[in-house]
Each structure stands twice: as structure tokens, then as C-alpha cells.
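Report on the structure given below.
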Amino acid sequence: MVKDEQVKLVMAIIDKMLHDTSKPWTNWFGWMETRTNVPRFKLLIGLLLSTSVILFVFGPNAMVLSNAIGLIYPAQLTASLVFWPPKRKNFAPAAAVAEAQNKKFTYWLMFSALLIVEQVCGFVLFLFPWYMLLRTFFLMWCSAPIRNNGATLIFNKVIYKLLKIGKNVLTQWFLKCDP
């Protein structure tokens, strides 16, 4: 997990770079800061967010960006889970590994279900201009490093129930076919 001190250190480094007079962007950020009375760091965050929104709404490669965000971070976490299993003080090591694996498998199952839904009814979904941006936020929520993230919630409320219904239907069908 990222610690508060690490985030503050990165923010301080970025802020120092924004005030460095040898950089080409210093004059522009200084001009904007005096005009708006907004600190340079906040201006940079606003610029990055607005650029991201424009790319996700109007960009030709919005699907690639969204899939990259939905793929890279969870893939890195899954790979690190394989090579460096978690160790928790309150759990047995096997229980900690099983919990982390279940969380990642749940995400990948949900990500696959999203791709299948997009294949079936993507022509309708892509008519909404904000779909890629909402999809990206949804994937970020589903892969968030919290206990009950979106993937866990959707798996428990939707996918698990559908799999349970499918299992019951198949069981009944096999019982009818049994001579």
C-alpha cells in the first residue's frame, strides 16, 4: 500500500518542478497562478483531468485507454500475488493468500463479463458519449484496493446468483435426462 508520506513526497517533488525557473512550463503556470489565484499543483491536476476527460469522450483510442487502465494495474497486482504472496499477522499464510487470490479472480471474472456484454450490446453502449469515461471509472472502482470494491460487490450480488441459477438449471436438466 502507498503510505501518506510517499504521496506527500511525490507531491512536493512535482510542486518543486512546477516552480523550477529552468523549465519551459514555469512561465505559463506562473501566469495562470497569478490570473486565477489557484496553486500550480492544482492547476496541473485540473489540466490532467480535463485532458483525460476529453480523450475518453472524444478520443479515437478511448477503448484502448480504458482497457489499459482496466488491465495494467490489476495485472501487476495479480503477478505480484503469484510471485510474492501476502503475509498477514492475524491470518494463517494460506488464508491470506486465498483471500487475495479470490479478490483477483473475482476482478478478472467481472472484467471478462464486461467484455462479453460489450460484444453483445456494444453498438448501443457506444452511442452514449460518456460511456468510455464511465467505463474507466467503473474499472478503477472494481480494481480498487479496498475490501468491498466493485468487483466483489458485483460478483456477490449478480454473477454468483446467475452462476447458482445456471447450476440449478443444469442439475434439473441432467436429472430429467437420466434414464
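Predicted, not measured: the structure shown is a model, and the values here were computed from it. Counting from 1, the numbers follow the sequence of the chain as shown.
- Looking only at side-chain heavy atoms (C-beta outward), Phe111 and Pro74 stay at 4.5 Å or farther from each other.
- Cluster annotation: Leu44 and Met17 are assigned to distinct hydrophobic clusters (Ile/Leu/Val/Met/Phe/Trp/Tyr, side-chain heavy-atom contacts under 4.5 Å, transitive).
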Taking only distance into account, with no hydrogens and no angle test, what donor-acceptor pairs under 3.5 Å do side-chain atoms of residues 126-134 form with protein atoms, sequence neighbours excluded?
from: Tyr131; atom 1: OH; to: Glu118; atom 2: OE2; distance (Å): 2.4

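- Expressed to the nearest 0.5 Å, how far OG of Ser50 lies from CD1 of Ile45 amounts to 11.0 Å.
- Two residues are said to be in side-chain contact when any heavy atoms from C-beta on lie closer than 4.5 Å; Leu139 and Leu114 meet this criterion.
- For the atom pair CZ (Arg40) and OG1 (Thr26), the distance works out to 6.5 Å, reported to the nearest 0.5 Å.
- Both Leu48 and Met11 are part of a single hydrophobic cluster, where members link through side-chain heavy atoms under 4.5 Å apart.
- Residue Phe137 qualifies as open at atom CZ: its count of foreign heavy atoms under 6.0 Å is 12 or below.
- The same ILVMFWY cluster, assembled from side-chain heavy atoms under 4.5 Å apart, contains both Trp31 and Phe41.
- Leu49 is connected to Phe29 through a chain of hydrophobic side-chain contacts under 4.5 Å among Ile, Leu, Val, Met, Phe, Trp and Tyr, so both are in one cluster.
- Residues satisfying the side-chain hydrogen bond (donor to acceptor under 3.5 Å, both in side chains) test with Asp20, not counting sequence neighbours, are Ser22.
- Atom OG1 in Thr34 sits 9.0 Å away from atom CE in Met32 (nearest 0.5 Å).
- If you take CG on Asp15 and NZ on Lys8, they are separated by 14.0 Å, rounding to the nearest 0.5 Å.
- Listed by first and then second residue, the salt bridge (charged side-chain N to carboxylate O under 4.0 Å, His left out) pairs involving residues 65-84 amount to none (not counting sequence neighbours).
- Applying the side chain to side chain contact (heavy atoms under 4.5 Å, CB included) criterion to Val10, with sequence neighbours excluded, gives Ile14.
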Show the atom names and distances, to 0.1 Å, of all donor-acceptor pairs under 3.5 Å that link a side chain in residues 149-156 to residues at least two apart or in another chain.
from: Asn149; atom 1: OD1; to: Ala151; atom 2: N; distance (Å): 3.4
from: Asn149; atom 1: OD1; to: Thr152; atom 2: N; distance (Å): 3.1
from: Asn149; atom 1: OD1; to: Thr152; atom 2: OG1; distance (Å): 3.0
from: Asn149; atom 1: ND2; to: Cys142; atom 2: O; distance (Å): 3.0
from: Asn149; atom 1: ND2; to: Ala144; atom 2: O; distance (Å): 3.0
from: Asn156; atom 1: ND2; to: Thr152; atom 2: O; distance (Å): 3.3

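- Rounding to the nearest 0.5 angstrom, the gap separating the CG atom in Leu43 from the CD atom in Glu33 is 7.0 Å.
- Distance CD1/Ile72 to OG/Ser143: 11.5 Å, rounded to 0.5 Å.
- The hydrophobic cluster around Leu47 extends to none of the other residues, as no ILVMFWY side-chain heavy atom falls under 4.5 Å of it.
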